[in-house]
Amino acid sequence: PLCVFARDGAPLSACAAACPFMACHLLDSPLTASSSSAERAAADELDAALAVRWAQPPPPLWRRVLVLGLAAGVPFAVVAAVGALVLLRVSDVDKGKLCRIERCRSVDISAVGEEGDCHKARCTACHDGFAPFYDDEGQYCGPQCPVGGGCEKVHAPPRDAKKCSELTSGVLCDRCSDGFQPLLHSKTLEPLGACTYVCTAAQLGAGCAPQSCRADGSCSGCAPGFDLVHGSGSPTAFLQRSDNFSYCEKATERVPMQFYMYRAQSQITYPPENSDLASAGGVMWYLHNEVVARNQSCTCMTPSCTSRHNDITRVLRYKVTVLNPEQAGHGQFGHFLQFDSGRCSYASCEDQWSNPSYVVGCQMTPKVGGVPVQSADYGSKSMWYSLPGPCPMLPFSDPNKTVCAEGGGSYPFEQPRPGGAWCDNQTHPPDGTNACTWSAEDAGEISLDELAGIIDHARFCKEGNYEYDDLSDQGQGTTFWDGKADPALNAQRVVRMLELFAKHYPEADNLLPEPICDGW
C-alpha cells in the first residue's frame, strides 16, 4: 500500500490522487532534515492535496519517520517498511481522527475501505444537542432542534450550523410519524415543516376542524356551526381527560357559517341560486360518477361529442355565507332539495316553499351501486347543498321566472323583496330571514383537463382514450380516475383539486373548514 512515486518531476497532486494513504517519495530529491525551503514547500503541497481527501490533514508521524530515517542513512526499503507499519497499523481511534466528523464522539470507519473514502465514515455518537445528518459530502453532526411532536425525519440543517438560532429558514420536518400529517399553509397549502395530529372520525364528528386536532382528543379549531369551548371535563365519550383542554360544541342557535361550495360547470355562466352545489368531496363524487365515465365522456369520434357529460369543463368555487331561519329544523341546515335547470324537482318542493322557508339544505352523497358499477366513496365530507333563490318552482327557461324574481307577476312563491334568498354580502349579509339566508362570492375556477392531466380533451378522445371505465375501473391515456372505490385514492383526488385552487389563487384562504351536514 505504500506508494513510491518513481517518475521524476511528477506533480505531487497526482501522487496524492493515486496514493491517498501514504507518502510520495521523489527518488531524485528525497525529503531530508537538510531539505531546502522549496522542497519543504513541495511537501506542504502534498499535505494540502491529501487534506482534500481527509476531514483533517493526516498525522505527521509517517513524515517524521521518512525524514529521520533517510537523514540517518537508513536504507530506503527499511524506511518504507516502517512507514507502512506506522501508517496502516494505526488504531481505529487514529483512523477515526483521520476521518474526523466534527462534533462527533465516536467515528465508525469500517466502511471507509482501503481507498480511504471518508464520505463513508459514520458517527455512532454525536455530542449532546447534536444529531447525525447526511448531505453530498457524507454524514455530519448538526444541531438537534425541536420541531414539535409527530416528526419522524427532520430536514437536515446546513453542515456549518452550530446552533438552532442560526437556521434562518427554521427547523423543518421532512416526514411525519404515523398518525400525523404535514401542517399546511392556509393559503398556499404548502407544508410548513411541522406535523399535526390526524383527526379521528370521532373528533371530526364532534366538530373539530382538520389541522387543529391533538392526540389527547382535544382541538384548537372548529367547523362552521360549532363553538370552541375551554374547560375541564368532557361532553363526549372520546374525550376522557380531567385537566383543562379545548373542544368543540355544537352551537345552540343559528350562527353564520362561511365555507366553500363547488359546482361542476360548462362554459356557460349563471348565478348559483336555485341550484345544487357541493363540498370538495361532493363535487368530485359527481364528476367521478356522472361526468367522466366512458359512457358520459369521449363517446364518439366526431368533434361535437368529444366533450364530457353536460359539456362540463371546469369546477367553480364560491365562498358562501349561510344563516338559515328557524324553520330550518334542529340543525344549521335544512332539508336538501334537488334543482334541475333552476326548478325544484322534488315532490316535496311545494310543501317546502309554502312555509315559506327558503333555507339552505344539505345531504350526504349517496353510497349506492355494486360490482361492476359502483358509487365512489369520497368520505364523510362528501355533501351536496341546495341554494334556493326567487321563484324556485320555475325553470330558468320560463320567461315568468325573470318577472317573478323582479317582484312582479302573480306566482305564489315569489320572494318578499327582489333578490330572493341570495343576498348581497357586502351591503346586506345573511340575516336569517326568508329573504336573505345566504350569500355567495366567486372564489375561482379550475379546468377538468388540468385536474386530470389532460392537455387537449378533444384530441385525447380522438386518439381513442377515455378518462374512466366502470368495467375496468381505470382510464386509458390517464390514470387520474383509476380506483373509483378506493377511499385513499379519492382523498388524493380531492387534495389535487384543492392544490390547484391554491396554485391559481394563492392569496385566498384555501383551508376553510367545511361544515357538518346536519340537515334532516
Side-chain angles (χ1 to χ4, degrees), residues 204-205 223-225 257-266 270-293 296 308-310 312 314-324 328-349 352-353 357-369 374-389 392 395-396 421-422 437-440 443 445-446 448 451 484 487 490-491 493-494 497-498 501 512-520:
L204 294 175
M257 300 184 296
Q258 189 172 79
F259 52 98
Y260 287 124
M261 291 187 186
Y262 301 84
R263 180 169 68 183
Q265 183 67 39
S266 67
Y270 52 87
E273 61 185 6
N274 289 327
S275 299
D276 296 326
L277 277 69
S279 64
V283 75
M284 294 297 290
W285 185 101
Y286 173 73
L287 291 170
H288 214 160
N289 286 289
E290 302 187 25
V291 174
V292 301
Q296 300 158 332
R308 300 177 180 91
H309 180 60
N310 289 334
I312 289 174
R314 53 188 178 145
V315 176
L316 307 184
R317 183 176 68 170
Y318 298 91
K319 180 183 282 188
V320 179
T321 302
V322 174
L323 180 56
N324 271 323
H330 67 276
Q332 296 292 334
F333 288 98
H335 185 48
F336 173 83
L337 296 172
Q338 181 173 319
F339 286 90
D340 291 307
S341 300
R343 179 183 181 275
C344 184
S345 57
Y346 271 10
S348 60
C349 287
Q352 175 71 20
W353 308 129
S357 182
Y358 294 88
V359 302
V360 176
C362 77
Q363 77 170 19
M364 303 300 297
T365 54
K367 297 180 180 179
V368 297
Q374 53 190 331
S375 172
D377 181 4
Y378 276 88
S380 62
K381 292 291 187 178
S382 180
M383 300 173 281
W384 291 338
Y385 308 105
S386 53
L387 297 179
F396 291 133
W422 182 19
T437 58
W438 61 276
S439 66
E445 65 177 70
I446 62 170
L448 290 192
L451 180 64
K484 183 178 182 179
N490 290 338
R493 282 184 269 268
V494 173
M497 185 188 76
L498 298 179
F501 274 106
L512 288 180
E514 295 181 311
I516 291 178
C517 182
D518 57 4
W520 35 274

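Numbers here simply count residues along the sequence, with the first being 1.
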Considering all heavy atoms of both residues, which atom of P513 and which atom of A223 are nearest to each other, and what is their separation?
CB-CA, 4.4 Å
How far apart are the closest heavy atoms of S382 and T365, and which atoms are they?
OG-OG1, 2.7 Å
Should the pair E445-R314 be classified as a salt bridge under the 4.0 Å nitrogen-to-oxygen rule?
yes
Ignoring hydrogens and angles, tell me if any N or O in the side chain of N490 forms a donor-acceptor pair with the backbone of D377 under 3.5 Å.
yes
Under 3.5 Å, side chain of S275 to main-chain N/O of E273, donor-acceptor pair present?
yes
Within the structure provided, determine whether P366 and W285 are in side-chain contact (heavy-atom separation under 4.5 Å).
yes
Let me confirm one number: the CD-CG distance from Q296 to L287, rounded to the nearest 0.5 Å.
10.0 Å
Measuring from atom OG of S386 to atom CG of L337, what distance do you get when rounded to the nearest 0.5 angstrom?
5.0 Å
Would you please classify the geometry between the Y346 ring and the F336 ring as parallel, tilted or perpendicular, with 30° and 60° separating the classes?
perpendicular
Sole residue of L316, L277, V320 in side chain to side chain contact (heavy atoms under 4.5 Å, CB included) with P272
L277
Donor-acceptor side-chain pairing of H288 and Y378 below 3.5 angstrom
yes
Does R263 count as lying over the ring of Y270, i.e. NZ or CZ under 6.0 Å from the six-ring centre, within 45 degrees of the axis?
yes
Please tell me whether F259 and Y385 form a close aromatic pair, meaning their ring centres lie under 6.0 Å apart.
yes
Using the ring pair (Phe, Tyr, Trp, His ring centres under 6.0 Å) rule, pick out the option among W384, Y318, F501 that qualifies with Y262.
F501
